Amino acid sequence: MRPDMQEKILSIIAREAAMEPAEVRPDMTLEELGLDSLGLVEMIFAIEETFGVSVPFNANEPSQSEFDISSVGAIVRAVERLVSGPQAALA
């Protein structure tokens, strides 16, 4: 992943969690970050706006989503795949 992309994602997550980006670790979960459902939705919107992608996430059924929100690292990888497009899935 490009470092600038990762920094932007961590910045978005940190902003929604009311933390500094340096405090956000890849192994942290949304629960550890203190993100509630509204914070999660705001984070998704910010990712979509920042990267010009459509995140396949259903706030009503997060466990059924194609977008992995199990940890910060998983979110970063999922955004990378979205930004890279379908050709990344073939690699």
Side-chain angles (χ1 to χ4, degrees):
M1 166 165 293
R2 296 187 331 245
D4 61 322
M5 184 183 293
Q6 184 171 350
E7 286 177 28
K8 286 180 185 177
I9 298 166
L10 292 178
S11 177
I12 290 168
I13 294 170
R15 181 178 65 233
E16 294 305 324
M19 299 172 76
E20 292 296 320
E23 297 176 293
V24 178
R25 298 184 322 273
D27 63 319
M28 294 178 88
T29 65
L30 297 179
E31 185 175 303
E32 290 173 318
L33 292 167
L35 279 179
D36 59 12
S37 58
L38 180 59
L40 173 60
V41 170
E42 291 295 324
M43 179 190 73
I44 298 290
F45 286 155
I47 288 170
E48 290 179 328
E49 185 175 308
T50 300
F51 296 102
V53 296
S54 178
V55 174
F57 181 77
N58 182 343
N60 295 322
E61 295 184 50
S63 64
Q64 301 299 317
S65 175
E66 295 176 36
F67 190 76
D68 187 354
I69 59 167
S70 61
S71 70
V72 170
I75 293 168
V76 170
R77 288 187 298 276
V79 172
E80 180 182 37
R81 283 191 298 276
L82 286 174
V83 171
S84 297
Q87 66 274 15
L90 302 174

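Note that the coordinates shown come from a computational prediction; the quantities given were computed from them, not determined experimentally. Numbering of residues begins at 1 and proceeds along the displayed sequence.
- The two atoms that bring Ile47 and Val53 nearest to each other are O-CG2, 4.2 Å, heavy atoms only.
- Between Ile75 and the choices Leu30, Asp68, Leu10, Ile12, the side chain to side chain contact (heavy atoms under 4.5 Å, CB included) rule is met once, by Leu30.
- Within the model, atoms CZ of Arg15 and CD of Glu20 stand 12.5 Å from one another, a figure rounded to the nearest 0.5 Å.
- Residue Glu16 holds its CD atom at 10.5 Å from CD1 of Ile44, rounded to the nearest 0.5 Å.
- Nearest heavy atoms, Pro21 versus Ser11: CG-CA, 4.1 Å.
- In this structure Glu61 satisfies the side-chain contact (heavy atoms from CB on, under 4.5 Å) test together with Asn58, Gln64, sequence neighbours excluded.
- Residues Leu38 and Glu42 are in side-chain contact: their nearest non-hydrogen atoms beyond the backbone lie under 4.5 Å apart.
- Residue pairs meeting the salt bridge (charged side-chain N to carboxylate O under 4.0 Å, His left out) criterion with at least one member in residues 22-32, sequence neighbours excluded: Arg25-Asp27.
- The closest side-chain heavy-atom distance from Leu82 to Val55 is below 4.5 Å.
- Between the CD1 atom of Ile69 and the CG atom of Leu40 there is a distance of 5.0 Å, given to the nearest 0.5 Å.
- Between the side chain of Arg77 and the backbone N or O of Gly73, at least one donor-acceptor pair lies under 3.5 Å.
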